[in-house]
Structure formats: structure tokens, C-alpha cells
Amino acid sequence: MPPMTTMNVSLPKSLRKYVEGEVARGGYSSASELFREMVRQRKKEKRCGQQHLEKLLLEGLNSGPATEWTPEDFQRLREEGRKLVSELNAKK
């Protein structure tokens, strides 16, 4: 295990109670262990997000030659956007 360093973290009372509760429930031996796991998870999520974005970009690049957009394409896109906004507003 690499050498540890210390970092002080300020939390509002509600988050401090949450951390203390997680430790008290036995899931973690200390607040430090909980924070280390959260940071590792966040790091993993960002890495997975980056990999997903790269995959989508490669799919786009490999999907064939680009074509120039026409005024009709833009009109269709606006109509689709308006439809989605209407559907979202209807759900509220």
C-alpha cells in the first residue's frame, strides 16, 4: 500500500452525521476508509465516462462519410426538439 498523507475536509453537520452513521453501521472502519472508497469510485466513474465518450466518438467517425446538412435537416431537428420539450412539459 502506498504511503498515506493527511487531508482535512470540512463538512456541513448533515454530511458529517451521514459519514459517522456509515462508520457506525460497520460498513467502514473509519471515515478515512469511506472517503478513500468514494474517491476511488468517483475516479472509476470518470474513467468509464471517458471511455464511453471515446467509444461514441469512434462510432461516429466510423459511421461513414459526413454529409452536408440541408435546411430540411435543421427544420426536422427543430421539430424533434419542440416535440421533446412538449413531452417533458406534459409530464410535469
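Just so you know, these numbers come straight off a predicted model, no measurement behind them. Every heavy atom of this structure was used, including side-chain atoms; hydrogens, water molecules and symmetry mates were not. Each residue takes its place number in the sequence, starting with 1.
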Going by the ring-ring contact (aromatic ring centres under 6.0 Å, His included) test, which pairs reach into residues 51-91, not counting sequence neighbours? W69-F74
By the ring-ring contact (aromatic ring centres under 6.0 Å, His included) test, which pairs, at least two apart or in different chains, include something from residues 12-40? none
Connected hydrophobic set around [X], excluding itself, where side chains approach under 4.5 Å:
{"X": "V39", "value": "none"}
{"X": "L56", "value": "none"}
{"X": "V85", "value": "none"}

Check residues 59-66 and write down every donor-acceptor pair under 3.5 Å in which the side-chain atom is one partner and the other belongs to a residue at least two apart or another chain.
unit_1	atom_1	unit_2	atom_2	d
E59	OE2	K55	NZ	3.3
N62	ND2	L58	O	3.1
S63	OG	G60	O	2.7

Please collect all salt bridge (charged side-chain N to carboxylate O under 4.0 Å, His left out) contacts where either partner lies in residues 1-17, sequence neighbours excluded, each pair once. R16-E20
Listed once per pair and sorted, the salt bridge (charged side-chain N to carboxylate O under 4.0 Å, His left out) pairs that draw on residues 25-48, sequence neighbours left out: E22-R25
Sequence neighbours excluded, every pair satisfying side chain to side chain donor-acceptor pair (under 3.5 Å) that has a member inside residues 80-90: R76-E80
Mind checking whether L34 and M4 sit in one hydrophobic cluster, side chains of I, L, V, M, F, W, Y counted as touching below 4.5 Å? no
Establish whether L88 and L77 are linked, either directly or via other cluster members, by ILVMFWY side-chain heavy-atom contacts under 4.5 Å. no
Report the residues that fulfil side-chain contact (heavy atoms from CB on, under 4.5 Å) with P71, sequence neighbours left out, ordered by chain and then residue number. none
Listed by chain and number, what are the side-chain contact (heavy atoms from CB on, under 4.5 Å) partners of T70, not counting sequence neighbours? E72, D73
Correct closest heavy-atom pair for V19 and A31 would be CG1-CB, 3.7 Å
